[in-house]
Amino acid sequence: MKHSKTTRTSAALAWAGTIFGWIALLTLPGCGYNTLVRQNEAVDSAWSEVQNQLQRRNDLIPNLVNTVKGFAQQEKDVLIKVTEARSRVAGAGNPAEAMAASNELSSALSRLLVVVEKYPELKSDQNFLRLQDELAGTENRLAVARMRYNEAAQTYNTTAKSFPTNLLGRLFGFGPRPYFEAPESAKAVPEVKF
């Protein structure tokens with residue numbers, strides 16, 4: 001009987017210690033939870049700007065493709081690849097898929113703009129020139145949005161991986177955020193022919 005009372009007392013003390021430990025952990029100033037929440041929100045906000053610019057680029061592409069189609073009907077393969085890549089960006093389910101699809105679309109657009117070089121009448125078409133300018137502006141905005149997203153992700157990931165916030169982060173499911181990385185094809189030096 002005495003042994004049972006000691007066991008119950010020990011169990012009650014263990015529970016009280018556990019509860020006190022959780023309360024202390026959650027209420028400690030600088031425990032990092034609020035920092036993780038704030039930085040996670042900053043990453044989400046930066047990602048939404050990337051998505052905004054991706055959508056702007058996606059909206060421009062049908063007009064660009066139709067303009068090129070009018071002049072370069074025989075370049076169907078390039079036009080189809082641009083259209084398919086655009087669809088993959090629109091259908092991406094998570095940031096990692098969207099990043100991969102966006103890189104694929106950038107590559108397809110580069111090939112499209114190389115094709116345009118073969119059609120002087122297309123290069124001088126006012127509609128094409130306007131779309132090309134809008135696309136170039138969107139690419140610049142997209143590059144800035146990607147840079148800001150990566151900065152926010154770096155700040156968040158550093159906090160989420162640092163001690164002691166990493167303990168709290170694991171407890172509440174704050175996982176690492178992926179970075180926007182350039183595709184391998186972007187690292188190749190372009191071949192210039194005169």
Side-chain angles (χ1 to χ4, degrees), residues 39-158 175-194:
Q39 291 176 354
N40 194 42
E41 289 297 315
V43 173
D44 286 342
S45 174
W47 178 246
S48 72
E49 180 57 24
V50 171
Q51 287 182 308
N52 184 29
Q53 295 305 324
L54 287 173
Q55 185 60 50
R56 180 183 163 88
R57 182 170 70 172
N58 271 7
D59 292 344
L60 286 172
I61 288 173
N63 292 334
L64 185 70
V65 167
N66 286 334
T67 303
V68 174
K69 214 184 266 184
F71 288 89
Q73 193 63 268
Q74 61 274 24
E75 306 290 351
K76 284 182 182 172
D77 288 346
V78 174
L79 299 173
I80 288 171
K81 285 181 181 171
V82 170
T83 304
E84 288 174 350
R86 177 184 176 268
S87 296
R88 278 192 276 282
V89 170
N94 58 48
E97 288 177 10
M99 290 176 197
S102 174
N103 288 336
E104 188 180 332
L105 180 57
S106 293
S107 176
L109 283 173
S110 295
R111 285 193 297 275
L112 177 69
L113 295 178
V114 168
V115 164
V116 166
E117 295 297 318
K118 295 193 293 189
Y119 301 92
E121 63 278 5
L122 174 58
K123 288 194 313 183
S124 62
D125 180 72
Q126 290 302 311
N127 191 31
F128 176 76
L129 291 175
R130 184 184 58 77
L131 288 168
Q132 192 178 25
D133 284 346
E134 283 188 46
L135 188 61
T138 301
E139 291 294 331
N140 289 337
R141 288 187 195 101
L142 188 55
V144 171
R146 286 173 177 158
M147 181 188 69
R148 289 182 180 154
Y149 168 79
N150 279 346
E151 288 172 352
Q154 180 188 17
T155 301
Y156 166 81
N157 285 341
T158 301
R177 303 297 293 264
Y179 290 106
F180 225 116
E181 295 178 4
E184 285 298 317
S185 60
K187 296 174 186 169
V189 177
E191 183 181 346
V192 179
K193 293 180 181 175
F194 294 103

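FYI, side chains are in, hydrogens and waters are out, and symmetry mates aren't considered; it's all heavy atoms of this structure.
Nearest heavy-atom pair across W47 and F180 is CZ3-CE1, 3.6 Å. Nearest heavy atoms, L112 versus V78: CA-CG1, 3.6 Å. Nearest heavy-atom pair, F128 versus K123, reported as atom, atom and distance to 0.1 Å: CD2-CA, 4.3 Å. The two residues A152 and V43 make their nearest non-hydrogen contact at O-CG2, 3.3 Å.
For the atom pair T67 OG1 and L122 CG, the distance stands at 8.0 Å (nearest 0.5 Å). With values rounded to the nearest 0.5 angstrom, T83 atom OG1 is found 8.0 Å from I61 atom CD1. Atoms OG and CG, from S87 and N58 in turn, are 8.5 Å apart once rounded to the nearest 0.5 Å. From L109, atom CG reaches atom OG of S102 across 9.5 Å, with rounding to the nearest 0.5 Å. The structure places CG of L64 at 10.0 Å from CZ of R130, a figure rounded to the nearest 0.5 Å. Here the CG atom belonging to L54 is positioned 6.5 Å from the CZ atom belonging to R146, to the nearest 0.5 angstrom.
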Inset, instruction - Walk me through it: do K69 and E75 pass the test side-chain contact (heavy atoms from CB on, under 4.5 Å)? - result: CA-CA 8 Å; K69 214 184 266 184; E75 306 290 351; over 6 Å; no
Inset, instruction - Evaluate side-chain contact (heavy atoms from CB on, under 4.5 Å) for R86 paired with V89, printing each intermediate quantity in order. - result: CA-CA 5 Å; R86 177 184 176 268; V89 170; 5.8 Å; no
Inset, instruction - Assess whether side-chain hydrogen bond (donor to acceptor under 3.5 Å, both in side chains) is satisfied between Q154 and N150, documenting all intermediate values. - result: CA-CA 6 Å; Q154 180 188 17; N150 279 346; over 6 Å; no
Legend entry - From CA spacing to verdict: salt bridge (charged side-chain N to carboxylate O under 4.0 Å, His left out), E104, K81: CA-CA 9 Å; E104 188 180 332; K81 285 181 181 171; over 6 Å; no
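In this structure a side-chain-to-backbone donor-acceptor pair under 3.5 Å is present from N66 to P62. When atom types are taken as modelled, the side chain of N103 and the backbone of E181 share a donor-acceptor pair closer than 3.5 angstrom. Under the 3.5 Å distance criterion, the side-chain polar atoms of E97 are matched with a main-chain donor or acceptor of G93.
Using a cut-off of 4.0 Å between Lys/Arg side-chain N and Asp/Glu carboxylate O, D44 and R177 are scored as salt-bridged. Contact check on E49 versus R148 returns no salt bridge, with no Lys/Arg side-chain nitrogen under 4.0 Å from an Asp/Glu carboxylate oxygen.
With a 4.5 Å cut-off on side-chain heavy atoms, N157 and Q39 do not count as touching. Residues M99 and Y149 are in side-chain contact: their nearest non-hydrogen atoms beyond the backbone lie under 4.5 Å apart.
Sorted by first and then second residue, the ring-ring contact (aromatic ring centres under 6.0 Å, His included) pairs with a member in residues 89-122 form an empty list; sequence neighbours excluded. Sorted by first and then second residue, the side chain to side chain donor-acceptor pair (under 3.5 Å) pairs involving residues 135-145 (not counting sequence neighbours) are R56-T138, R57-E139.
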